[in-house]
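Reading through the C-alpha cells given below for one structure.
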Amino acid sequence: VDTVTDDMRVAVIGAGMMGADHVRRITERISGARVVAVVDADAQRAAAVADSTPGAVARPDATEVLADPNVDALLIATPGQFHESILAPALERGLPVFCEKPLTLDAASSLRIVELEQKRDRPVVQVGFMRRFDAGFRRLKDVADQGALGELLLLHCRHRNASSHLVNSEALLIQDSVVHEFDIIAWLTGSELATIEVRKPRSSRHAPDGLADPQLVLIETESGVIADVEIFINARYGYEVSTEAVFEEGVAAIGQPTELVTRTSYAQSMSIAPTFVERFRDAYDTQLQRWVNAARNGAIDGPSAWDGYRAAVACEAGILAQASGERVRVGAAPTPDFYRNQVI
Ligand SMILES: NC(=O)c1ccc[n+]([C@@H]2O[C@H](COP(=O)([O-])OP(=O)(O)OC[C@H]3O[C@@H](n4cnc5c(N)ncnc54)[C@H](O)[C@@H]3O)[C@@H](O)[C@H]2O)c1
C-alpha cells in the first residue's frame, strides 16, 4: 500500500465501459484503494480515463505495470480473450487480482489459471460475478437456503439488454452473457450444473449477422432444479435481469423495475435501467469494496477463479448445445480443497 495514504494502489487493465466504471467506483465511491495506472490497447482511451482520475497515469502496456513495485493489485477489464495473458504473470508475482467475468473463454485456459493459482498459499483472484452481491439475488438465496417456501423446483430467468456492442457471435452470447446465469444458478441452488440445452425461436431483425437472438437456454442442476433462461441481447426497451423462483409453497421474484413509477396523461409508467451499469451499480460497489478489503490482506471475498473455471466448463457445454440442438452434459472437475473455504 501507499505509505502516505494507506491506499492499495490498483492498476486497471482495459478502460472500456466496464473498466472506466470501475475506475470511477474506486475513485469516488469506495475506500481503501486508488487507481495509479490505466492501460488500454487504445492509448487515447487510457489517457482520457487517467486524465479524469487524480493520481492515475496512462501506461502503454500491462507487462511493464505488472513488474512495477508501486502497483499493489490489478483490476482486469479487457475482453475475456485477453484475460489469461495478464492473469498468468500476475499470479507468478502473487498480485491480488480482480478479474471481470468471464475468467477466460474456455475450460482449458481456465484450468491453467486455477492450476497456477494453487501454487500459491491461497486464492488471490476474484472473478466479477457481481450478481452474488445484488440485494435481490441475496434475498432470493436466503429464501432458498432457509427453506421458508419449501424446496426450490424451477427458475425462470430473463436476461435482456437493449443492445450489446460486445456480443456478436453465438459463442460470445454464451461466454459473455449466459455465463452470469451459469454462475448464479449454481450459487442459488448450491449445486453443480448437470446438463444444458439451447433452443432458438425465430430471430429478431435487430440481431447481428451470425447470431440468433433471442435464445432459450435450459439448465438442469445435479439437484434436479430446472432453469429456463431467456437471453435476448437486442431487446431494445432497456436492460432487465429478473428471476422468478418456484418453490413448493410459493414463488419469489426479483429484478422487477420498481424504483420510479410515474402517472401522467392517463397512463402509468415505470423507469427501466438502460444498462447493467445502473441496474447493478450497488452490487458492483459492494463487490469491489469487499475485494479491496480482502485484497489488502492478500485474500479474496467473492467468486473465485474456480467459479470462473466451472462457468467456463458450462460455457463449453452451452456452445456445443447451441450448435447441436442436443442436451449436453456439463463435466466440471470436483472442487479442490484449496477453493472450499470461499463462503460467498
Ligand atoms: N460484470 C458485468 O456485469 C459486466 C458487464 C460488462 C462487461 N463485463 C466484462 O468486462 C470486460 C470488458 O467489457 P466492456 O463492456 O468494458 O468492453 P469494452 O469493449 O467497452 O472495453 C474493453 C476495453 O479493453 C481494451 N483492450 C482490449 N484488449 C486489450 C489488451 N490486450 N490490453 C489492454 N486493453 C485492451 C479495449 O481497447 C477496450 O477499451 C469483459 O470481460 C466483459 O465480459 C462485465
Side-chain angles (χ1 to χ4, degrees), residues 11-25 35 37-50 52 58-66 74-90 97-106 109-110 113 125-134 136-137 159-169 171-184 187 231 233 239-241 255 273-288 290-291 302-303 305 307-308 311-312 315:
V12 173
I13 319 291
M17 187 162 175
M18 206 62 228
D21 192 51
H22 283 314
V23 169
R24 276 192 299 276
R25 171 169 299 110
V35 177
V38 179
V39 179
D40 197 288
D42 177 340
Q44 279 183 337
R45 194 171 288 182
V49 172
S52 60
R59 304 270 288 265
D61 73 63
T63 323
E64 175 230 359
V65 164
L66 274 159
L74 280 193
L75 187 152
I76 303 174
T78 59
Q81 70 266 35
F82 305 110
H83 291 179
E84 185 185 12
S85 63
I86 305 165
L87 280 165
V97 180
F98 178 86
C99 181
E100 261 307 338
K101 46 58 58 175
L103 179 66
T104 69
L105 292 191
D106 61 86
S109 53
S110 283
I113 294 301
V125 176
Q126 183 166 326
V127 178
F129 289 123
M130 79 300 178
R131 290 186 188 185
R132 298 192 193 194
F133 299 94
D134 173 68
F137 276 109
H159 179 153
R160 301 185 185 130
N161 298 69
S163 63
S164 172
H165 71 292
L166 201 62
V167 175
N168 55 11
S169 74
L172 266 184
L173 183 75
I174 300 285
Q175 292 160 323
D176 219 74
S177 300
V178 184
V179 68
H180 277 298
E181 313 293 335
F182 293 147
D183 179 69
I184 208 72
W187 180 75
I231 178 76
I233 62 162
Y239 183 79
E240 177 180 348
V241 167
T275 73
F276 44 84
V277 169
E278 302 80 15
R279 162 69 174 87
F280 285 111
R281 177 183 153 128
D282 292 347
Y284 292 129
D285 287 357
T286 307
Q287 161 185 259
L288 218 58
R290 285 179 59 169
W291 171 66
D307 295 309
C315 286

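All ligand and atom numbering here is 1-based and tracks the order in the structure.
Counting heavy atoms from C-beta on, the side chains of E240 and R279 never come closer than 4.5 Å.
Between H180 and H159, the ring planes are tilted. Angles from 30° to 60° get that label.
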N or O contacts of ligand 1 with protein under 3.5 Å, please list pair by pair.
unit_1	atom_1	unit_2	atom_2	d
ligand 1	1 (N)	E100	OE1	3.1
ligand 1	3 (O)	Y284	OH	2.6
ligand 1	16 (O)	M17	N	3.2
ligand 1	16 (O)	M18	N	2.8
ligand 1	20 (O)	M17	N	3.0
ligand 1	20 (O)	H165	NE2	3.3
ligand 1	34 (N)	A41	N	3.1
ligand 1	37 (O)	D40	OD1	2.5
ligand 1	39 (O)	D40	OD1	3.2
ligand 1	39 (O)	D40	OD2	2.6
ligand 1	39 (O)	R45	NH1	2.6
ligand 1	41 (O)	T78	O	3.2
ligand 1	41 (O)	K101	O	2.9
ligand 1	43 (O)	K101	O	2.9
ligand 1	43 (O)	K101	NZ	2.9
ligand 1	43 (O)	D176	OD1	3.1
ligand 1	43 (O)	D176	OD2	3.2

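Between R290 atom CZ and Q126 atom CD the span is 8.0 Å, to the nearest 0.5 Å. Taking CD of E181 as the reference point, atom CD1 of I174 lies at 10.5 Å (rounded to 0.5 Å). Annotation: the span from T104 atom OG1 to Q175 atom CD amounts to 9.0 Å, rounded to 0.5 Å.
The backbone N or O of P102 lies less than 3.5 Å from a partner atom in the side chain of H83, making a donor-acceptor pair.
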